[in-house]
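Down below is the structure, laid out as structure tokens.
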Amino acid sequence: MTLDERGGRIERLLDLLREDDTDKFEGVVPFGPQEFTDPGIAAREREMIFGRVPSIVAHSAEIARPGAFLTLQMPRNKVIVVRQRDGGVKAFVNACRHRGALLEDQPSGQCRIFSCGYHRWSYDTDGSLRTVTYDHTFGEVDKSASGLIELPAEERHGFIWLVDNAAATIDVGSWLGPEMDTILASYSLDTLLTYQAEGFDEPVNWKVMQDAFLDGYHIKYAHPNTAGKIIHTNVLAVEDYGAHARFLSPRKSIDRFLEEDHGDADLGRHVTESHFLGPNSTLLRQPDHYQLLTFRPHPTDPGRSRMEMRVMVPDVEASGLDEAVWERRWAKNWQILLDVLHAEDFPLLRASQEALGSADAGGMLLGRNEVINQIFHRQVRALTADR
Ligand code: FES
Ligand SMILES: [Fe+2]
């Protein structure tokens with residue numbers, strides 16, 4: 001992305017701020033609380049969203065070496081993602097083909113083979129069945145047909161993407177579309193390190209969670225002493241790319257440029273640039289690092305979900321910092337993020353889920369100013385519509 005290109009968007013953001021305005025969606029859209037509690041709707045989302053389109057499951061650096069793996073619960077499948085000997089990535093259903101035991105129980109690690117804890121069948125990291133224990137007594141097994149079930153996975157722009165359906169195919173570039181594909185390519189996220197990645201299982205629907213992290217309307221009300229002090233509320237400059245969107249929000253430090261002429265100065269430090277990567281991630285681009293938030297439905301319960309947060313940073317050498325300074329800086333940054341989540345967002349969202357579960361909660365509204373939420377909900381509706 002050139003400076004000029006972003007400069008133009010920042011000028012537009014300044015105009016919005018001067019006019020106490022924000023980019024807006026075409027209309028107010030009603031919705032019902034059952035969208036966050038109904039088991040039938042949740043089942044449809046698992047099939048028609050996560051079973052059909054790619055979503056991010058990791059930053060590439062989390063499984064850098066051959067044999068490095070991580071496991072996760074997707075909405076439809078338990079999954080192992082593993083780095084191959086040739087440098088590629090494969091994903092498998094984390095279930096043994098003998099009698100279905102959970103093959104790998106660790107959240108992440110390094111291995112040569114996957115070895116089942118139940119009767120010790122083993123699989124190569126490429127998924128092929130290697131050994132059947134006591135095979136002289138077991139009987140005939142067609143090994144080529146009894147490898148791990150593979151899920152479509154692709155590595156692109158420094159992320160690993162997955163379609164949670166063994167019968168599907170994956171094409172991340174076409175899902176991103178030309179605009180977002182170009183934007184992500186320009187960030188060189190594959191050159192960064194994952195400073196930290198952590199998951200949070202919350203008793204909250206995944207859309208309630210994701211909505212909160214796409215929301216520029218709540219900042220000074222829900223975060224009066226943290227983000228609300230730093231970032232303006234209800235001012236977004238948005239580019240709508242259909243399944244994805246990019247949006248800028250002004251930091252309060254930009255206020256002095258409302259009057260003053262800033263010439264050619266780059267005001268990038270005074271904005272937060274965010275990306276909604278449909279269907280379930282938000283990428284924040286900060287001046288010196290990136291933060292990725294991902295939200296996944298629980299496999300059965302509409303009232304539960306998992307949020308994952310990742311912070312990606314330049315390594316010590318690339319950052320030019322002393323190692324101890326580097327570590328302190330990112331440890332502090334991570335702690336601030338955790339504190340806000342646990343003290344401010346999660347309590348509010350858990351209580352929202354309970355309130356939405358009221359039998360007579362009534363119809364609700366998404367405003368024109370809630371434009372990123374509108375784009376997200378438009379996509380959920382489009383993907384889950386009858387075809
Ligand atoms: S279930 Fe895995 S070896 Fe038996
Ligand atoms: Fe929030």
Side-chain angles (χ1 to χ4, degrees), residues 71 77-80 92-106 111 113-125 127-143 145-149 200 202 204-236 247 249-252 272 274 276 281-284 286 291-295 305 307-309 336-353 355 366-367 369-373 376:
T71 62
N77 289 292
K78 283 193 171 295
V79 178
I80 306 177
F92 304 105
V93 177
N94 188 4
C96 179
R97 295 297 305 284
H98 170 222
R99 292 220 329 253
L102 184 70
L103 182 59
E104 181 54 65
D105 61 0
Q106 295 301 306
C111 72
I113 54 165
F114 295 107
S115 165
C116 181
Y118 202 173
H119 316 90
R120 206 57 88 212
W121 283 26
S122 69
Y123 301 84
D124 194 276
T125 53
S128 53
L129 175 59
R130 221 154 116 158
T131 49
V132 171
T133 39
Y134 290 103
D135 59 348
H136 60 292
T137 62
F138 190 86
E140 203 57 30
V141 180
D142 177 0
K143 281 195 177 171
S146 298
L148 299 176
I149 300 294
F200 313 94
E202 284 294 314
V204 183
N205 180 274
W206 73 285
K207 291 175 294 180
V208 171
M209 293 288 284
Q210 173 142 297
D211 270 332
F213 293 89
L214 297 174
D215 182 325
Y217 185 25
H218 78 302
I219 301 173
K220 72 178 171 190
Y221 306 112
H223 307 292
N225 300 312
T226 51
K229 283 208 154 68
I230 300 165
I231 302 170
H232 278 287
T233 299
N234 206 41
V235 186
L236 297 180
F247 51 111
S249 39
R251 293 175 162 253
K252 292 194 168 170
T272 297
S274 310
F276 167 56
S281 284
T282 305
L283 178 70
L284 288 100
Q286 306 287 6
Q291 185 189 348
L292 183 80
L293 307 174
T294 301
F295 305 90
S305 63
M307 168 178 175
E308 288 178 355
M309 178 164 75
I336 291 170
L337 294 173
L338 287 184
D339 290 347
V340 171
L341 288 183
H342 290 293
E344 299 177 10
D345 287 304
F346 291 167
L348 189 144
L349 300 175
R350 286 176 204 139
S352 295
Q353 185 70 30
L366 266 183
N369 57 332
E370 301 178 87
V371 53
I372 305 295
N373 304 82
F376 167 46

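For the single chain, residues carry numbers from 1 onward in sequence order. Note that the structure is a prediction, hence the values are computed from the model and not measured. We count ligands from 1, going down the list as the structure has it; atoms in each ligand are counted the same way.
Considering every non-hydrogen atom in both Leu337 and Gln291, the closest pair reads CD2-NE2, 3.6 Å. Among all heavy-atom pairs drawn from Cys96 and Tyr123, the shortest one is SG-OH, 3.2 Å. Among all heavy-atom pairs drawn from Asn205 and Ser305, the shortest one is C-OG, 3.9 Å. The heavy-atom pair separating Leu129 from Lys143 by the smallest distance is O-CD, 3.8 Å.
You'll find the ring centres of Tyr134 and His119 outside the 6.0 Å limit. Phe213 has its ring centre less than 6.0 Å from the ring centre of Phe295.
Taking 2.8 Å as the limit, the number of protein N, O or S atoms around atom 4 (Fe) of ligand 1 is 2.
If you look at the Fe ion (ligand 2), the protein N, O or S atoms less than 2.8 Å from it are His218 NE2, His223 NE2, Asp345 OD1.
The closest side-chain donor-acceptor pair between Ser122 and Thr131 falls under 3.5 angstrom.
The distance from atom CG of Asp345 to atom NE2 of His223, rounded to the nearest 0.5 Å, is 4.0 Å.
Under a cut-off of 6.0 angstrom, the local environment of OH in Tyr217 is sparse, with at most 12 non-hydrogen atoms contributed by other residues, nucleotides or ligands.
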